[in-house]
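Side-chain atoms are counted along with the backbone in the values below, which use heavy atoms only and exclude waters and symmetry mates.
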Amino acid sequence: MTQIPVYYYSSVSNLTRRFAEHLAARDGRPVRDLADPEVRRSEAPAHWVLLTPSYKAGNADEVTLPAPVRAFLRSAVNRRRLVGIIGSGNRNFGTYYQAAARELAEISGRPILFEFELSGTPEDVARCAEILHQMDEALDSAND
């Protein structure tokens, strides 16, 4: 079965990176780091899922979506192949918790598949991996 790759961006805190690496370690899921300029300038070859943090921390004028994510989404091909969003956030952001994932879901019409706080828990990784596996199966069935 084909596994949908997860493209992610992580700040210097590496919280989102840790979650992505735990997903990859759990079942070999491919993860691609949008901090890598080569990845950021590429086009996803097929369906893909975005894992993004939110940076809005209480200032309504702050940009929510990280610049590398915005750069990757400039490609019409990447926007079309996006099938879902995983959000990472910090509950200390209050009403802006998960703002990037929620705003992008609204704009793109793609679902939020999973949300977690900071680097997530082992249970978060397991639940997210299960959701992604179900999506893998659904897309494989649709392509048969």
Side-chain angles (χ1 to χ4, degrees), residues 1-140:
M1 172 179 0
T2 303
Q3 290 182 310
I4 301 166
V6 173
Y7 286 73
Y8 72 93
Y9 177 74
S10 188
S11 68
V12 294
S13 71
N14 283 322
L15 296 173
T16 308
R17 177 186 314 279
R18 277 186 239 148
F19 190 87
E21 289 172 349
H22 288 301
L23 279 175
R26 183 171 180 84
D27 61 6
R29 180 164 306 277
V31 296
R32 309 282 184 263
D33 186 353
L34 292 172
D36 178 340
E38 193 171 310
V39 172
R40 195 170 49 248
R41 288 189 296 263
S42 70
E43 288 187 341
H47 297 297
W48 65 284
V49 169
L50 174 65
L51 167 53
T52 186
S54 288
Y55 291 136
K56 196 176 268 190
N59 179 348
D61 295 327
E62 269 183 65
V63 173
T64 309
L65 203 58
V69 174
R70 288 193 316 258
F72 191 66
L73 289 171
R74 283 190 193 108
S75 162
V77 170
N78 289 339
R79 290 191 308 272
R80 189 172 48 253
R81 292 178 177 163
L82 173 65
V83 293
I85 303 158
I86 301 167
S88 167
N90 185 330
R91 292 189 194 280
N92 290 338
F93 293 176
T95 58
Y96 299 111
Y97 174 69
Q98 300 293 355
R102 293 173 185 175
E103 288 176 17
L104 185 56
E106 185 176 321
I107 291 166
S108 70
R110 301 311 192 277
I112 294 176
L113 303 172
F114 192 74
E115 294 178 340
F116 63 95
E117 186 174 22
L118 302 174
S119 61
T121 64
E123 293 80 15
D124 290 334
V125 172
R127 179 66 185 128
C128 187
E130 181 182 314
I131 290 166
L132 290 170
H133 180 74
Q134 291 169 356
M135 182 169 265
D136 295 336
E137 287 179 333
L139 287 172
D140 266 3

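The minimum heavy-atom distance between Y9 and P66, with the atom names listed, is CD2-CB, 3.5 Å. Taking all atoms of both residues into account, the shortest heavy-atom contact from S10 to R17 is OG-N, 3.1 Å. Taking every heavy atom of both residues into account, A129 and L23 meet most closely at N-CD2, 3.8 Å. Residues A105 and I112 approach most closely at CB-CG1, 3.7 Å, considering heavy atoms. Counting all heavy atoms, side chain and backbone alike, A101 lies closest to G87 at CB-CA, 3.8 Å. Closest of all the heavy-atom pairs between N78 and A44 is OD1-N, 2.7 Å.
A ring-ring contact (aromatic ring centres under 6.0 Å, His included) check over residues 10-41, counting only residues at least two apart or in different chains, returns the pairs F19-F116. Contacts classified as side chain to side chain donor-acceptor pair (under 3.5 Å) and involving residues 38-52 (residues at least two apart or in different chains) are given here: E43-S75.
The side-chain heavy atoms of R79 and S108, taken from C-beta on, include no pair separated by under 4.5 Å. A heavy-atom distance below 4.5 Å is found between the side chains of M135 and V49. Here the side chains of L118 and R91 are not in contact, with every heavy-atom distance at 4.5 Å or above. Considering only heavy atoms from C-beta on, T2 stays 4.5 Å or farther from L139 through its side chain. For the pair L65 and E103, the minimum side-chain heavy-atom distance is 4.5 Å or more. Contact of the R127 side chain with the E130 side chain is registered, since non-hydrogen atoms from C-beta on lie closer than 4.5 Å. Taking the side chain as every heavy atom from C-beta outward, L132 and D27 never approach each other to under 4.5 Å. Looking only at side-chain heavy atoms (C-beta outward), E117 and N90 come within less than 4.5 Å of each other.
The CD1 atom of I85 sits 11.0 Å away from atom CD of E106, with the distance rounded to the nearest 0.5 Å. With values rounded to the nearest 0.5 angstrom, Q98 atom CD is found 6.5 Å from S88 atom OG. Taking CG from L50 and OH from Y8, the interatomic distance works out to 12.5 Å, rounded to the nearest 0.5 Å. Summarising the geometry, atom OH belonging to Y7 is positioned 11.5 Å from atom CG belonging to L73; distances are rounded to the nearest 0.5 Å.
With sequence neighbours excluded, no residue forms a salt bridge (charged side-chain N to carboxylate O under 4.0 Å, His left out) with E21.
No side-chain donor-acceptor contact under 3.5 Å links R32 to the backbone of P5. Distance alone, capped at 3.5 Å, is enough to place a donor-acceptor pair between the D124 side chain and the T121 backbone. Between the side chain of D136 and the main chain of Q3, no donor-acceptor pair closer than 3.5 Å is present.
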